[in-house]
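Each chain gets a letter, A, B and so on, in the order its sequence line appears, and its residues count up from 1.
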Protein chains: 2
Amino acid sequence: MIQLDARDKAILLELQQESRLSYAEMGSRVGLSPAAVHDRVKKLERKGVIRAYKIQVDPEALGLKLTAFVAIRLDNNFTGREIQPGLEQFHQIEEVHSIAGENDLLLKVRTSDTKALEALIYRIKAVPGIARITSTIVLSTALEGRPLVPGESDESIELR
Amino acid sequence: MIQLDARDKAILLELQQESRLSYAEMGSRVGLSPAAVHDRVKKLERKGVIRAYKIQVDPEALGLKLTAFVAIRLDNNFTGREIQPGLEQFHQIEEVHSIAGENDLLLKVRTSDTKALEALIYRIKAVPGIARITSTIVLSTALEGRPLVPGESDESIELR
DNA sequence: ATTGAAAGGGAAGTGAT
DNA sequence: ATCACTTCCCTTTCAAT
């Protein structure tokens, strides 16, 4: 695993919230010179810790007023890996997770409305290997896109 | 709702994948001058279509090797809104959705391992109003952080 | 990791179509 | 509303210490 010191973590935390900060501004926040911050950021990019620079868009502004989680159970002779290409074609699918439990896949999807969700579900059902679909509609989203905080190796010691 | 033309959508699609593009580069991609792109981006920021500029971090690099979805059922006399402040304190919670169905809330959480997840679940259980927790562990993630594509108002016509 | 210098890009204003 | 151009200033980038 990659070693990150407190300053790397501080930099990552800042950039997860506002990636357009100048190196000077970042430097004064974490206590480093602009060039030093620059070096660290470039290293984090090279190591793949920073995967991409993106914008977060308001889904509603794009007309995507409905979010849903779609759980999929596969036929016994299919794997998630085989199904995946058939799912990628649907741009409404934002995430695809392989999961443990009753179902095999969990998708996060966004559509304009229930009608579009219905259409999407029918098309997903047509993908070979899919046995059952269970959809859960999101009524509202309280938190989303929170910055990831590095896992402390001793988070569990508070269990007693 | 905000009106977005084809060029706005093209700009948003590009920025969702790479937000550090120069206005010159963006302009040549969508067929506009740098200044025109600049104007549009600023407008999209002002309208709130662009919510934030962020980096996407590799969770594993931060030691977050476990992702899970935690479904919560509330006691009948509690609402999701009342519970939310009690959940925000846990930085391991990346998303909180209020949902329809058997459960009331669906959380996306990230921890370093199963032990840390166990500790988190116990602490969530201590939040007043929470009746039952059902956790689903993510085995692998095939897709995540896909760009949102504007919802076409006629997506459902393919249903027949 | 800091300093300093050079190159590039962003922001804002202008006038014109 | 877009374009082409110009200006200034900040930022990025890379060299050297």
Side-chain angles (χ1 to χ4, degrees), chain A residues 1-64 145 147-150 152, chain B residues 1-58 61-63 145 147-154:
Chain A
M1 194 179 105
I2 301 136
Q3 283 301 357
L4 304 173
D5 65 13
R7 280 173 168 151
D8 288 323
K9 292 176 185 176
I11 290 172
L12 289 171
L13 196 58
E14 297 288 345
L15 288 178
Q16 281 185 277
Q17 297 166 78
E18 172 53 275
S19 65
R20 286 177 313 176
L21 289 176
S22 70
Y23 293 125
E25 174 61 28
M26 300 252 343
S28 63
R29 290 194 192 181
V30 305
L32 285 175
S33 72
V37 176
H38 179 259
D39 279 356
R40 282 170 179 262
V41 170
K42 291 303 159 195
K43 259 175 215 160
L44 291 169
E45 290 175 6
R46 261 184 272 116
K47 287 180 187 166
V49 178
I50 296 177
R51 276 194 180 151
Y53 290 74
K54 305 199 162 194
I55 58 167
Q56 189 180 106
V57 173
D58 176 13
E60 300 225 2
L62 298 185
L64 299 171
L148 300 183
V149 176
E152 302 158 33
Chain B
M1 193 179 104
I2 301 135
Q3 283 301 357
L4 304 172
D5 65 14
R7 278 171 171 153
D8 288 322
K9 292 175 185 176
I11 290 171
L12 289 171
L13 195 59
E14 296 290 342
L15 289 178
Q16 281 184 275
Q17 298 168 79
E18 173 53 273
S19 65
R20 285 177 313 175
L21 291 176
S22 71
Y23 292 124
E25 175 60 28
M26 299 254 340
S28 63
R29 290 193 191 183
V30 305
L32 284 175
S33 74
V37 176
H38 181 265
D39 280 356
R40 280 169 179 263
V41 170
K42 292 304 158 194
K43 258 177 216 162
L44 291 168
E45 289 175 6
R46 262 184 271 117
K47 287 181 187 166
V49 178
I50 295 177
R51 274 194 182 153
Y53 289 75
K54 305 200 160 192
I55 59 167
Q56 189 180 108
V57 173
D58 177 11
L62 298 185
L148 301 183
V149 177
E152 303 159 31
S153 43
D154 48 7

_Nearest-nucleotide pick for B:Ser22, side chain only, options being C:dT2, D:dC3, C:dG9_ = C:dG9
*asked:* I need the NZ-P distance between A:Lys43 and D:dT13, as an integer number of Å.
replied: 15 Å
*Take atom CD of A:Glu25 and atom P of D:dT12, then tell me their distance rounded to the nearest Å.*
11 Å
_Can you measure A:His38 atom NE2 to C:dA1 atom P for me and round it to whole angstrom units?_
14 Å
*Length of the CG-P vector between B:Leu44 and D:dA1, whole Å*: 12 Å
_When the C1' atoms of C:dG15 and D:dC9 are compared, how many Å lie between them, rounded to an integer?_
23 Å
*Report which part of the nucleic acid A:Arg7 touches: base, sugar-phosphate, or nothing (heavy-atom distance under 4.0 Å, all strands).*
nothing
*Does the pair A:Arg40/A:Asp5 count as a salt bridge with the N-to-O cut at 4.0 Å?*
yes
*Quickly work out the B:Lys42 NZ to C:dG10 C1' distance and round it to whole Å.*
8 Å
*Have a look at A:Val41 and tell me which of A:His38, A:Lys43, A:Glu45 forms a side-chain contact (heavy atoms from CB on, under 4.5 Å) with it.*
A:Glu45
*Which part of the nucleic acid, if any, lies within reach of A:Arg20 when heavy atoms closer than 4.0 Å are counted: base, sugar-phosphate only, or nothing?*
nothing
_Expressed as a whole number of angstroms, how long is the span from B:Tyr23:OH to D:dC5:C1'?_
18 Å
*Where is the tightest heavy-atom contact between A:Tyr53 and A:Ser19, given as atom of each residue plus distance?*
CD2-CB, 4.1 Å
_Nearest-angstrom distance from the residue atom CE of A:Met26 to C1' of D:dT13_ = 16 Å
*Taking the side chain from A:Lys54 and the backbone from B:Gly145, do they hold a donor-acceptor pair closer than 3.5 Å?*
yes
*Separation of C:dA11 C1' from B:Arg46 CZ (nearest whole Å)*: 13 Å
*Just call it for A:Ala35: base, sugar-phosphate, or nothing, with non-hydrogen atoms closer than 4.0 Å on any strand.*
base
